Amino acid sequence: MTSKGLKVISRRKLSTTACGLLLLACIVLSGCRSRQGTTGPSIEFTKIPPAAQGGRERTDTIAGRVTGARPGQQIVVYARSGPWWVQPWPDQPFIPIQANSTWGTSTHLGFEYAALLVDPGFRPPPTMDVLPTPGGSVANVAIVKGIGDIQFAPTKPLHFSGYDWKVRTIASDRGGLNNLYDADNAWTDASGALHLHIRKKESKWSCVQMDLTRSLGYGTYIVSIRDISHLEPAAVLSMNTFDDWGGDQHYRELDVEISRWGDDASKNNAQYGIQPFYVPGNVAPFIAPSGTLTHSMHWESGRASFKTVRGSSTLAEAPVVAEHVFTSGVPSPGQETLELLFYVVPSDKNPMQNESEVVVEKFEYLP
């Protein structure tokens with residue numbers, strides 16, 4: 001079946017032959033009920049974009065048809081690349097249904113696409129880990145995989161601390177600001193230390209993200225970072241795990257993050273966290289002092305233990321700056337990889353002013 005004729009509906013219609021066989025079976029068994037029951041609205045896709053990693057640079061068109069929609073209902077489209085992202089933009093989420101029952105919009109690319117038939121009162125969130133099910137102001141939900149084999153955005157290889165990494169080359173709106181990402185913003189010096197940069201490029205901030213090329217799973221992750229006291233409030237340095245396919249476990253994200261999140265008045269400039277961050281107890285803020293610090297995360301079944309010490313070593317005599325243990329909501333391993341990110345968040349109070357650099361001395365992993 002071609003993508004043009006592909007239909008995704010909430011209830012599958014049985015063929016005439018199948019219905020006849022089902023009716024015969026019902027008679028033999030002295031009665032059974034139709035699988036279709038009360039029919040509701042259905043959503044059809046008539047044009048499906050390719051399956052590809054999302055990013056600002058590439059868009060396509062998605063289109064379809066609705067049967068049985070009520071007056072005032074509209075379509076909301078999401079594309080999944082990591083989380084589900086509303087399309088084409090958070091401030092343009094609603095797609096009208098035309099008089100001939102068709103709909104269409106531009107969309108950024110994703111691995112899968114979803115169309116929601118919604119009532120006027122629905123307020124679509126910019127991102128979702130898991131799509132809603134039909135009910136309330138959501139009349140129906142249809143999901144379809146992108147066409148063809150998954151296309152991943154190009155990355156640049158980098159070797160650091162004995163591990164192979166891949167450096168992002170496409171834009172991302174992580175943190176709520178659509179930033180450029182440039183592989184030239186990450187490099188290693190003669191001593192093997194990693195330099196991460198935020199630069200101004202084309203009147204936008206150019207950031208950096210690098211991911212390990214393989215998943216390490218349970219174990220201890222250790223990163224030593226030189227002085228970060230110069231960072232502006234809107235800059236974020238993050239060491240975290242992330243699984244693009246792990247939406248059911250909040251993407252298996254475990255974080256050590258250095259930032260004031262755009263607020264210069266914030267007493268704390270660092271935090272440990274597990275997702276979702278809005279759950280009470282899932283974020284543990286602390287004050288990261290000046291000088292070289294070593295952050296460690298020990299991940300095991302049902303438990304994630306974080307610690308920050310002064311200096312470049314995790315030896316017992318190293319002065320402890322902060323530590324915290326999470327025992328609720330800790331994910332199990334999947335396809336997650338470790339990410340190192342240095343990026344900018346939006347801030348009305350203290351917007352980013354200057355280019356910035358951090359130096360990561362080393363990364364270690366202990367099984």
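In this text, all values refer to a predicted model and were calculated from it rather than measured experimentally. Quick note: residue numbers are just sequence positions, from 1.
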Practice item. Quick one: closest heavy-atom pair of Pro88 and Thr105, and the distance? Key: CD-OG1, 3.6 Å
**Study point:** In one Ile/Leu/Val/Met/Phe/Trp/Tyr side-chain cluster, 4.5 Å: Leu237, Leu338
**Key:** yes
Practice item. Using a 4.5 Å cut-off on heavy atoms from C-beta on, say whether the side chain of Tyr163 contacts that of Arg214. Key: yes
Check your understanding: If only atom types and distance count, is the side chain of His324 paired as donor or acceptor with the main-chain N or O of Gln271 below 3.5 Å?
Key -> no
Review point. Is the shortest heavy-atom distance from the side chain of Arg80 to the side chain of Ile143 under 4.5 Å?
Key: no
Review point. Is there a donor-acceptor contact under 3.5 Å from the side chain of Lys362 to the main chain of Ser312?
Key: yes
Point to revise | Minimal non-hydrogen separation, Pro50 against Asp60, with atom names | key: CD-OD2, 3.3 Å
**Study point:** Positive for side-chain contact (heavy atoms from CB on, under 4.5 Å) with Val321, one of Thr294, Val309, Thr308
**Key:** Thr308
Check your understanding: Is there a donor-acceptor pair under 3.5 Å between the side chain of Glu232 and the backbone N or O of Gln353?
Key -> yes
Review point. Short question: side chain of Ser161, backbone of Phe363 - any donor-acceptor pair under 3.5 Å?
Key: yes
Review point. Hey, what do you get for CD1 (Ile198) to CG (Leu180), rounding to the nearest 0.5 Å?
Key: 12.0 Å
Practice item. Report yes if some heavy atom in the side chain of Leu194 is under 4.5 Å from a heavy atom in the side chain of Leu340; otherwise report no. Key: yes
Review point. Can you tell if the side chain of Lys349 reaches within under 4.5 Å of the side chain of Arg260, non-hydrogen atoms only?
Key: no
Point to revise | ILVMFWY network linking Ile225 to Val167, side-chain heavy atoms under 4.5 angstrom | key: yes
Practice item. Find the distance between CD (Gln209) and CD (Glu339) and round it off to the nearest 0.5 Å. Key: 4.5 Å
Point to revise | Any side-chain heavy-atom pair of Ile287 and Asn268 under 4.5 Å | key: yes
Exercise for review: For Trp103 and Arg65, work out which heavy atoms get closest and say how close.
Suggested key: NE1-N, 3.2 Å
Exercise for review: For the residue pair Lys145 and Phe111, establish whether any side-chain heavy-atom pair is separated by less than 4.5 Å.
Suggested key: no
Review point. Angle class for the Trp89/His108 ring planes (parallel below 30°, perpendicular above 60°, tilted otherwise)?
Key: perpendicular
Point to revise | Asp91, CG atom: more than 12 neighbouring heavy atoms under 6.0 Å | key: yes
Exercise for review: Take Val118 and Ser137 through the test side chain to side chain contact (heavy atoms under 4.5 Å, CB included) and record every step on the way to the result.
Suggested key: CA-CA 6 Å; Val118 301; Ser137 58; 5.7 Å; no
Review point. With no hydrogens and no angle check, do the side chains of Gln249 and Ser332 hold a donor and an acceptor under 3.5 Å apart?
Key: yes
Exercise for review: Please check if the side chain of Asp164 supplies one atom and the backbone of Thr213 the other of a donor-acceptor pair under 3.5 Å.
Suggested key: no
Point to revise | CG (Asp348) with more than 12 external heavy atoms under 6.0 Å | key: no
Review point. Honestly curious: do Phe122 and Trp85 fall in one hydrophobic cluster under the side-chain, below-4.5 Å linking rule?
Key: no
Exercise for review: Measure up the Tyr251 and Phe242 rings against each other and bin them: parallel (under 30°), tilted (30 to 60°), perpendicular (over 60°).
Suggested key: parallel
Check your understanding: Are the side chain of Asn185 and the backbone N or O of Cys207 linked by a donor-acceptor pair below 3.5 Å?
Key -> yes
Exercise for review: Can you establish whether the number of heavy atoms outside Lys204 located under 6.0 Å from its atom NZ is more than 12?
Suggested key: yes
Practice item. First locate atom CH2 of Trp245, then atom CD of Glu336, and finally report the distance between them rounded to the nearest 0.5 Å. Key: 14.5 Å
Check your understanding: Is there a side-chain contact between Val360 and Phe160 (heavy atoms, below 4.5 Å)?
Key -> yes
Exercise for review: State whether a side-chain donor-acceptor pair under 3.5 Å links Gln335 with Asp243.
Suggested key: no
Point to revise | Least distance between heavy atoms, Pro134 atom then Ala139 atom | key: CB-O, 3.9 Å
Review point. If you measure from the Lys or Arg side-chain nitrogens to the Asp or Glu carboxylate oxygens, is any gap between Glu361 and Arg226 under 4.0 Å?
Key: yes
Review point. Cluster question for you: counting only ILVMFWY and a side-chain heavy-atom cut-off of under 4.5 Å, with indirect links fine, are Ile274 and Val223 together?
Key: yes
Check your understanding: With distance as the sole test, does Gln73 use its side chain to make a donor-acceptor pair with the main-chain N or O of Arg70 at under 3.5 Å?
Key -> yes
Practice item. Keeping the roles fixed (side chain from Asp189, backbone from Ser191), state whether a donor-acceptor pair exists under 3.5 Å. Key: yes
Review point. Could Asp211 and Arg168 be called an ion pair, given the rule that one side-chain N must be under 4.0 Å from one carboxylate O?
Key: no
Review point. Does a donor on one side chain sit under 3.5 Å from an acceptor on the other, for His197 and Glu355?
Key: no
Practice item. Check each of Phe277, Phe326, Phe306 against Tyr272 using the ring-ring contact (aromatic ring centres under 6.0 Å, His included) test, and report the only one that passes. Key: Phe306
Exercise for review: Dump the intermediate steps for side chain to side chain contact (heavy atoms under 4.5 Å, CB included) on Ser347 and Met352, then the final yes or no.
Suggested key: CA-CA 8 Å; Ser347 173; Met352 193 75 172; over 6 Å; no
Check your understanding: Atom OG of Ser224 and atom CD1 of Ile222: how far apart are they, to the nearest 0.5 Å?
Key -> 7.5 Å
Review point. CD/Gln53 to CG/Asp244 distance, rounded to the nearest 0.5 angstrom?
Key: 6.5 Å
Review point. Would you say Asp129's side chain and His250's backbone share a donor-acceptor pair under 3.5 angstrom?
Key: no
Point to revise | Sidechain N-carboxylate O distance under 4.0 Å for Asp182, Arg199 | key: no
Exercise for review: Would you name the heavy atoms of Ser215 and Gly334 that are closest together and state the gap between them?
Suggested key: OG-O, 3.8 Å
Review point. Hey, mind stepping through Lys156 and Asp184 against salt bridge (Lys or Arg N to Asp or Glu O under 4.0 Å) and telling me if it holds?
Key: CA-CA 9 Å; Lys156 182 179 179 179; Asp184 291 337; 3.4 Å; yes
Study note, to complete from the structure: Heavy-atom nearest pair, Val141 first then Pro132, reads CG2-O, 3.4 Å
Review point. Backbone N or O of Asp264 within a donor-acceptor pair of the Asn350 side chain at under 3.5 Å?
Key: yes
Practice item. Verify side chain to side chain contact (heavy atoms under 4.5 Å, CB included) between Leu117 and Ile75, making sure each step is shown before the conclusion. Key: CA-CA 5 Å; Leu117 179 63; Ile75 291 290; 4.1 Å; yes
Practice item. Could you tell me whether Glu257 and Arg174 have a side-chain N and a carboxylate O separated by less than 4.0 Å? Key: no
**Study point:** Met239 reachable from Tyr181 in the ILVMFWY side-chain graph, under 4.5 Å edges
**Key:** no
Review point. Can you tell if the side chain of Leu341 reaches within under 4.5 Å of the side chain of Val236, non-hydrogen atoms only?
Key: no
